[in-house]
Number of protein chains: 2
Amino acid sequence: LPVSKRLKSSQRLFVVDYENNRFLFLPFGMSMQSGSMHYMRIPRIHWRDRLLKLRAAGLNAIQTYIQWSLHEPWPGVYDFDGNLDISSYFKEAQDLGLAVIIRLGPYIDAEMDMGGLPFWLLREDPHMKLRTSDPSYMKWVQKWYGVLLPILRPLLYENGGPIIMMQIENEYGSYFACDSNYTLQLRDLTRGYVGDQTVLFTTDGPSVNYLRCGFIPKVFPTIDFGSGQDIGAAFFNGLRPFLPKGPLVNSEYYPGWIDYWGYPHSTGATKAVVHTMVRMLALPTVSVNFYVFHGGTNFGFLAGSNSDPFRGVTTSYDYDAPLTEAGDPTEKYFTIRDALNVLFPGPQFPVPDPTKKYAYGNVEMNYVTSLSSLLSSLAQERPISSSHPLTFEEIGQAYGFVYYETVVDIHPTDPAILNVSEVHDRGYVFVGDKPVGILSRESNSYSMPISIIKGQRLGILVENQGRIAFGRDINDFKGIIGNVTLRMAGDDKLHILEPWSMHSLPLNNTEDLLSQLRRRFQRNPLPKQIVHGSVAFYYGTFPLPSALKKEPQDSFLQFDGWTRGIAWVNGFNLGRYWPVMGPQLTLYVPKSAFRPLNEVILFELEGSPCEQDGKCKVQFVDSPILNGSTPHIESPLSL
Amino acid sequence: LPVSKRLKSSQRLFVVDYENNRFLFLPFGMSMQSGSMHYMRIPRIHWRDRLLKLRAAGLNAIQTYIQWSLHEPWPGVYDFDGNLDISSYFKEAQDLGLAVIIRLGPYIDAEMDMGGLPFWLLREDPHMKLRTSDPSYMKWVQKWYGVLLPILRPLLYENGGPIIMMQIENEYGSYFACDSNYTLQLRDLTRGYVGDQTVLFTTDGPSVNYLRCGFIPKVFPTIDFGSGQDIGAAFFNGLRPFLPKGPLVNSEYYPGWIDYWGYPHSTGATKAVVHTMVRMLALPTVSVNFYVFHGGTNFGFLAGSNSDPFRGVTTSYDYDAPLTEAGDPTEKYFTIRDALNVLFPGPQFPVPDPTKKYAYGNVEMNYVTSLSSLLSSLAQERPISSSHPLTFEEIGQAYGFVYYETVVDIHPTDPAILNVSEVHDRGYVFVGDKPVGILSRESNSYSMPISIIKGQRLGILVENQGRIAFGRDINDFKGIIGNVTLRMAGDDKLHILEPWSMHSLPLNNTEDLLSQLRRRFQRNPLPKQIVHGSVAFYYGTFPLPSALKKEPQDSFLQFDGWTRGIAWVNGFNLGRYWPVMGPQLTLYVPKSAFRPLNEVILFELEGSPCEQDGKCKVQFVDSPILNGSTPHIESPLSL
C-alpha cells in the first residue's frame, strides 16, 4: 500500500508505549521522523511541493506551530483563509501520507512577532501577565481555544485525521514566570476539547533546569537540542527524571540556526547534523523533529526580534535547513535522506525537482513621492491627538509604522539634545520634512543632537521591527515609550515636548497604496531632486516574458545600493530588506506574486540609489544571497 | 590749563601715599576714576572718539589689557601695527589728558581666546603648566616681556608718558595653581624693565580667599566687584588684611556683564551702578575703574569661552557699558558723568555726538559654493596625514576650522554610533559631502547615530569657538581630542577610525577667499539647489549711497533666517553670528570696513534662508539688537 493509503487504513494507532520505551505509531512503526514546516512561512501555492519533498526525504510527519496572532488579528475576528487555512494544510499533509504534530501555543516563540501572541492583548490590559494564569490573559486564551480546537478536533488521528500530538505552550521551562497553574489550565482546557486520547506533550531545553518549570503532570515531556549536544546527558540526565519510562523525543533538532540582521549567516555543518541524527535515531525508539526541515520566509511583518541585545530576525527563515527558503533540496537534504533510508528501509519517493527560478532582470524604479506628501492619504484614520506619545498598542496598530509629530514650543539651543525614553524600535527623525537622523533600539541609541527652532515640526517615524519573541520581555510595546524631551546646551533639565499627533501607517492596505502610487507616477513621471535619507516610495513596472505569462517562476529581488525598507510585488509584501546590514541581500519572491504586468513598490526608509535623477533599479535574480557581509563577525550570544 | 596741558606739565607725580590712604596723582588729585577700554576691541578709526567720550564723562584714566596672543601670533613673530599699535593708543590717550593703567598679563582673561595667552604655548609644550613658574612657560614670558616692556618704558609716567600703573597677572588668586614663585618672578621681571618707581599692582576677588594667592609682596593690591557687593566687607574685610594702609581701589567695577550665546543679554541697572559708585567714591580716596567703560567688539576670532558649562562669549562685548558697543553714550553714561561732576567738580568737556549710523538696507546674498568644493583651494597647506586626529595646536593653527576626514574601512551597523572622545568645540559631521549632524561641546554631546557604509568618507569640520579664558581649563586644546570611534548596534566595543587627513582652514587669508568667491560668483551666478545644513559660502555686493562714498557710516548687519557662521565685509571679519541662539542678532560694522563698492561674504555652517532658489538676503540696519530671544531664560552660574 502506498503510505497515503496506509495512513487512511484501519491500522491507525498512536499511543505512547511507556513500558517499551516507544511509540506505537501504526501503520508507521515506533517513532517519528518529522520536520517542522510552518504553513504561514510557505506561500500556499508551494505547500504541496514542500510537503512532497519532506516526505521524499523519508520523514513520516510534519510539525507546525499554530500562530494565534495571525488567526485572531483583532479580538473576536478570526481568519483561517488562504495561507492561514490550516485544515487544508493538514489535509494536504495527510493526503501525502504525513502525520501532523501541532504546537498549539498559545505562545509559540517561532521567532515571530511577540512569539505569536496577539499584540492586542497588551491593549486589552497593558498589565496583563502573559503566559501565566492571570485571568486577564486566560480569558482570551479560553476564547481562542474555543475557536481553534473545534477546528482541529475532526483532524485528530483518532478521528481519521493526521494530528497525532499536540504541544502545550512552548519551552515554558525557559520562561521566568514558572506558573504551574497556567500550564495545568492549558492542559485541562485542551483535554476538554480533544478528550483523553490525543497525546499532549511539552518541549523544553535539555536539562532538569528547564524541565522543572516546563513539565506538566500527565503531559508527555520532550526536549530540544542541536548537534553539539551530549545526547546521553540530554535524554538521560535531562529528560529521564521527568519521564522514567517511555520513548525519547527531541522536538527541535537544529540543522542550522536563525539569522539576524547584521550578524553572519548561520549554518549547520551537514556532517555534524547527520552524525548526531543517526546517533539519536540509533537509540531504541528515539524520535526526532528537525527544527526546521524547511524554514520558508517571514513575509510582510511576520518576523519577530530577540533580545538582549535587541536584534531583528531576517526576512528569510532559510535556517540553513535541508530544504532552502525557496524549497530546494540541499546536499544536507540528500545526506539526511540517505541516512534515514539506511535506518528505516522502506519505499522511497522520488524527490521533486527544484522549483524553477527566473532572473527577470532589472526593473527601473522611479521616485514617486516622499512619505510626508502621502502621509494624510496613507494614514489609516485621521491623526490621533494626545498630550503624550501613544504606543502602537494604545492606537490599536499591530505592525508597520506610526508617524509622531509635535511642534516645538520652546526656544531650543543649537543643537539641542533630543531624548526619547525609548523608541521601539527605530525612529526616523525629521525637522519639518527633512530627515536628520535615526534613533535605534538595536544601537541602544535614544538621543541625538538636533538643530530645530521654535515653531518647527519635529517628526519621528517609528517602525515596529518585530516584537520580542522570546524571554521575559515579550510584553514589548511598540512606538515611542515614555516622553520625548529636549535637553539644552549648558543645562541638564529635560524639556518635555507635547502635545503629539500620531498618524497610523500600518501599510497593510496595499491595494490603496498601489493605486495612489500608480496615479502619482502616471501624473508626474519625472520627479525632481531627492533629499538624501528621505523616507520615500519608489515605483516600477515590468512585464513577464511571454513564455512565462501563464506560469511564472519564483525569483529573488536584489537591492544593490538601497538601504532599508519594505518591498511589494503587486501588493504582496515580500518583507523587509536591509542590504547594508546583511547577511540577507535578496528577498524571495514566490511565483504566485507575479502577474503578466508587474508593479514593484519600495518603501525606502533611508537612502536610495536614485538620488542623481530620481531613477535607479532593483534586480530580479535567480538565486538568493543570504550570506552577505555583515558588521558583526560573530553570531550574537545564543538566543 | 586744559587737562592735556596739565598732564604734560611739570607737576607730574604718581605715588601711593600709604600713610594718608590715598594716591598722589598730580596734577589730577588723589584718586583715579578710570575706565577699561581695550584697543583690540575698538576699530582704530574710532579710538579717538571713544577716548574723547571717556574723558568727557569725567574720568581721568583708561585701563587696558595688553594681549600677548595678538602681539606674538607665532613664536618670535611680533605685531604692534594698526589696531595693535599700543604706543599710539597710549599717546592718543595722553593727548586727550588721560592717564593709562596697564594690565600687563601675561595672562589677562578678558574673555579672550585662552585668556590672551598664545595658543602656540600648548604646541611648544603640551604639558606646559600655564600661569606657573614652570620654566617651560616662563621662558616664553621672559622673551615676550623682553619685547613688550622696552616698548612701554618710554611711555611710563615718570618718563613723560601716560602709564601710571601696571597690573601683574590677572586675578591670580582665582587660579588653582597658587604659585607664589611665579608671581614673584613676574614682579621682579617687570621691575627689571620699569625700575622701582612705577606702581605695580594686582587685582583679585574681594575676599581674603582670593587675595591669599593673588597678593604679591611689595606689589600694591586691589580688588574687583560690582554694584551688588557689600563695599565695606570688600575693602575692609577683604583687602585691608593685605593692605593695612593705603588707598583702596576697585579695579573692576561692573556696569554690566558678559553676554554668552544662548543666554539672556546681561544688563546692569543704572541706578544701582551709580549708587554704588557714589558710595565708593565718597569714601576717603577710593579709586574706581569701570570694567568696562566701553566694551567694543570681539571681531574675527577674538572671543573666548568660559566653562563650566562650556559657553562662548558673544561677538559683541557691549557689556551694557556706559558707552555702547558702537561707542554711543547711554543714559548710564550721562548719569555717571553727572554724579562724577558732583563728586569731582572741575572743567567739563563736551560729549561728542554719537557716531552716525546708516541702514544700507538689504543685500542679496548668493550661494556660491559648498565648503567641500572649495576645500583644497582654501586650505592653508596640503592636507596633513596622521594615524590619529591632530589638534589645532599640533597642526599649528590658532583659530578657525580644521576639516578632519577618514574613510570608513569596517562594515558598520545601520546606524552605528559615532563617538568622539571630545570635540573642541563643535563638529559638523559629514558622510561623503552630506551634512548629517552636529557634535557640540556646549551640549556635552560627543556622539550621534550615523548611517555610513564601508568605503564612505566620514568628515568632521571642527570649529574653535574660542579657547577657555578663565579657570583651570585654560590649556584648552582645539580640534578632535582623542580618538574617533564607531560603536556597532548590539555591541559595546568601540572601533577606532583611522587614519585621518586634516585640512587646515584658518580662514584668515581673506584676500584669497574673496577673490576665489568673486571668481566663482562671476562664472556661475545662478547656483542650483542647496542641501540643507550644508557648510557653504554666500556672496553679495552693494554700492554705498553716493552721499556716503567719501565718508561711510557705521552700520549693523542683521541675519534673519541665517543660522550660524562668520561674516566679512570687504575682507574684514565681523565675527561670529548665531541668531538662533541669541541674544545678539546683529553684528557691528565699523565705517572703516566699507568701500564704495562692498563685498559681503557669509560662511554659513548650518542653514541659510536661500534654500529655495539660492538667493536670499542680509540686512544692514542702523541700530543693534543685542537682547534677542535665547533658549536660556537665566544667566549661567556666575563666571
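Quick caveat: nothing in here was measured; it's all calculated off a predicted structure. Below, chain A is the first sequence line, B the second, and so on; all start at residue 1. The analysis underlying the following values was restricted to heavy atoms, covering all of them including side chains, and did not include hydrogens, waters or symmetry mates.
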- If you count heavy-atom pairs under 4.5 Å between each of A:Ser447, A:Gly582, A:Pro412, A:Ala416 and chain B, which one has the most?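 The option with the most such pairs is A:Pro412.
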- Item | Selection from A:Arg426, A:Arg564, A:Lys454, A:Arg487 maximising heavy-atom pairs under 4.5 Å formed with chain B |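 Result: the option with the highest number of such pairs is A:Arg426.
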Side chain, backbone, both or neither of [X] within contact of chain B (heavy atoms, under 4.5 Å):
{"X": "A:His632", "value": "side chain"}
{"X": "A:Arg441", "value": "neither"}
{"X": "A:Trp261", "value": "neither"}
{"X": "A:Thr413", "value": "both"}
{"X": "A:Phe310", "value": "neither"}
{"X": "A:Val436", "value": "backbone"}

- Message: Using the salt bridge (Lys or Arg N to Asp or Glu O under 4.0 Å) criterion, which residues pair with A:Asp433? Sequence neighbours excluded.
- Response: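 Residues passing salt bridge (Lys or Arg N to Asp or Glu O under 4.0 Å) with A:Asp433: A:Arg457.
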- Query: Between B:Ser440 and chain A, which part of the residue has a heavy atom less than 4.5 Å away: side chain, backbone, both or neither?
  - Reply: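 For B:Ser440, the contact with chain A is made by the side chain alone.
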Hey, could you give me the [atom1]/[atom2] distance between [X] and [Y], rounded to the nearest 0.5 Å?
{"X": "A:Glu442", "Y": "B:Asp491", "atom1": "CD", "atom2": "CG", "answer": "13.0 Å"}
{"X": "A:Met488", "Y": "B:Thr630", "atom1": "CE", "atom2": "OG1", "answer": "9.0 Å"}
{"X": "A:Leu418", "Y": "B:Met448", "atom1": "CG", "atom2": "CE", "answer": "12.0 Å"}

Side chain proximity check, [X] to [Y], heavy atoms < 4.5 angstrom:
{"X": "A:Pro449", "Y": "B:Ser445", "value": "yes"}
{"X": "A:Ser443", "Y": "B:Pro415", "value": "yes"}
{"X": "A:Asp414", "Y": "B:Glu606", "value": "yes"}

- Taking B:Ile450, B:Asn444, B:Ile438, B:Ile410 one by one, which has the highest count of heavy-atom pairs under 4.5 Å against chain A?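 Result: the option with the highest number of such pairs is B:Ile438.
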